[in-house]
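Atoms within a ligand are numbered from 1 in the order they appear, just like the ligands themselves.
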Amino acid sequence: MGPFTEYQITDPRIPPVTVHVNREAHIHLGALLLGQRDPDQIVGADVANSLAFFTRVFGPPLFKHYYATEIPYGHGQAFPGLIHLSWWTFRSFEENGIHEMFRAHEMAHQWWGIGVEPATYRDAWLSEGFADFAGLWYMQLVLNDNEKFFKHLKDWRRDIRARRGEIQPRDYQVMVYEKGAWVLQMLRNLMLDFRTMKEDAFSDVMRDFYGQYRGRRATTRDFQRVVERHIDVPMDWFFDEWLNGTAIPTYILAWRAEPTPEHRYALHIRIRQEDVPRDFVMPVPIAIELAGGEHAYVRVNVRGPVTEATLQLPAEPTALELNPLESVLADVKTEGWD
Ligand SMILES: [Zn+2]
């Protein structure tokens, strides 16, 4: 690597962080290639901001000083109190968010993988899936970029769907990282309060799970127990469908509305479900737009080949969107009522 320059970050929210970078090499690279002018500061910002964000949502990290070090390879890796970051993330050519999420992913391993260690290889998603989700969450809530957040979720869904039914060892990354992140995204949305759009219930689960297993090993079952204690509902169905199973549903939405004598509207909804076992069940959000521009969110329990529901609305519904927040790992289509 050559000699490192040390860039110190002091920020009242977090322990001290030292970024190691071969600044001289980057000056030479900068003359040849596009890229950031101050790579250590760009990288340091994500390291510091993700460290602060994860401390807030997950709880205190294990160490008193953190190091982020450039390596002459294409990957990243996390060690106790230290993250290795590929040299290419210090160049940051791409603007699609992968660099920011990559840095946050590696930092998230201080909680998931190192703070809480997966007990067996079957629990590996508690490290890589959680770290990938943490990178997405950082993109949405700290960098405030919904577009990149949803773009990556959709890209990952496409990868996962492409592999369903014929998963092989080479799909490790797609299944453990990308689907693992999707499982947390689904849990988060199940727990989302649609009235306030607050997600405190979900972050409480994450903080509690981390706090309980900090410095120890945990299994998927341990995580499930923490979730169940918070929401007071058995969650076997959820973990069976999304972690033990590989089926990915397709939903086909149809709807029609009619005025009722009480000057209200009856909204009839029909959702056909395909590509999953008959008993596959999942609450799926629907966004309803009303004449006048108001929006309402409801959850429909989709189960079996056909689910039908009728809702009474105060105004005429003008548009419906099934799964508007990417709450469920599913394909969504629409069809006419007849
Ligand atoms: Zn990782």
Side-chain angles (χ1 to χ4, degrees), residues 17 19-20 43-44 46-55 57-59 61-63 66-90 92 94 96-143 148-149 152-153 155-157 159-160 163 167 169-185 187-188 206 209-210 213-220 222-223 243:
V17 177
V19 181
H20 290 139
V43 171
D46 284 324
V47 168
N49 290 330
S50 62
L51 183 55
F53 174 57
F54 299 148
T55 301
V57 289
F58 300 141
L62 287 179
F63 303 98
Y66 285 84
Y67 296 87
T69 298
E70 183 178 26
I71 55 168
Y73 305 105
H75 68 279
Q77 194 169 0
F79 304 91
L82 162 68
I83 58 176
H84 273 181
L85 295 172
S86 167
W87 71 275
W88 61 262
T89 201
F90 289 80
S92 304
E94 301 91 339
N96 58 6
I98 51 166
H99 288 285
E100 292 84 348
M101 287 170 48
F102 165 73
R103 296 166 201 150
H105 172 113
E106 296 308 333
M107 181 49 81
H109 278 311
Q110 297 300 330
W111 284 262
W112 311 116
I114 292 167
V116 177
E117 201 181 329
T120 74
Y121 88 104
R122 289 194 178 277
D123 306 301
W125 78 288
L126 297 178
S127 168
E128 297 300 354
F130 276 46
D132 252 12
F133 172 79
L136 275 178
W137 213 17
Y138 174 74
M139 176 56 72
Q140 189 182 31
L141 294 195
V142 179
L143 302 182
K148 287 176 189 162
F149 169 80
H152 287 282
L153 268 180
D155 287 351
W156 294 354
R157 178 177 61 207
D159 297 345
I160 298 161
R163 304 308 311 150
I167 293 159
R170 67 185 158 91
D171 302 318
Y172 185 86
Q173 172 97 20
V174 171
M175 288 300 136
V176 174
Y177 288 64
E178 298 183 357
K179 192 178 181 193
W182 253 107
V183 168
L184 281 189
Q185 160 73 1
L187 195 59
R188 170 196 189 199
M206 298 301 280
F209 177 54
Y210 174 74
Y213 291 92
R214 186 175 183 265
R216 297 164 52 202
R217 291 184 168 180
T219 64
T220 301
D222 295 327
F223 179 58
L243 280 163

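- The aromatic ring centroids of Trp112 and Phe58 lie less than 6.0 Å from each other.
- In this view, Val174 and Asp159, Ile160, Arg163, Glu178 satisfy the side-chain contact (heavy atoms from CB on, under 4.5 Å) rule, not counting sequence neighbours.
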Test ring-ring contact (aromatic ring centres under 6.0 Å, His included) on Tyr177 and Trp125; report intermediate values, then the result.
CA-CA 6 Å; Tyr177 288 64; Trp125 78 288; over 10 Å; no
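- Taken from CD1 in Ile98 to OG1 in Thr89, the straight-line distance is 8.0 Å, to the nearest 0.5 Å.
- Neither side chain, Thr220 nor Arg122, offers a donor N or O lying under 3.5 Å from an acceptor on the other.
- The structure places CE of Met139 at 10.5 Å from CZ of Phe149, a figure rounded to the nearest 0.5 Å.
- Of all protein atoms, those that are N, O or S and lie under 2.8 Å from the Zn ion (ligand 1) total 3.
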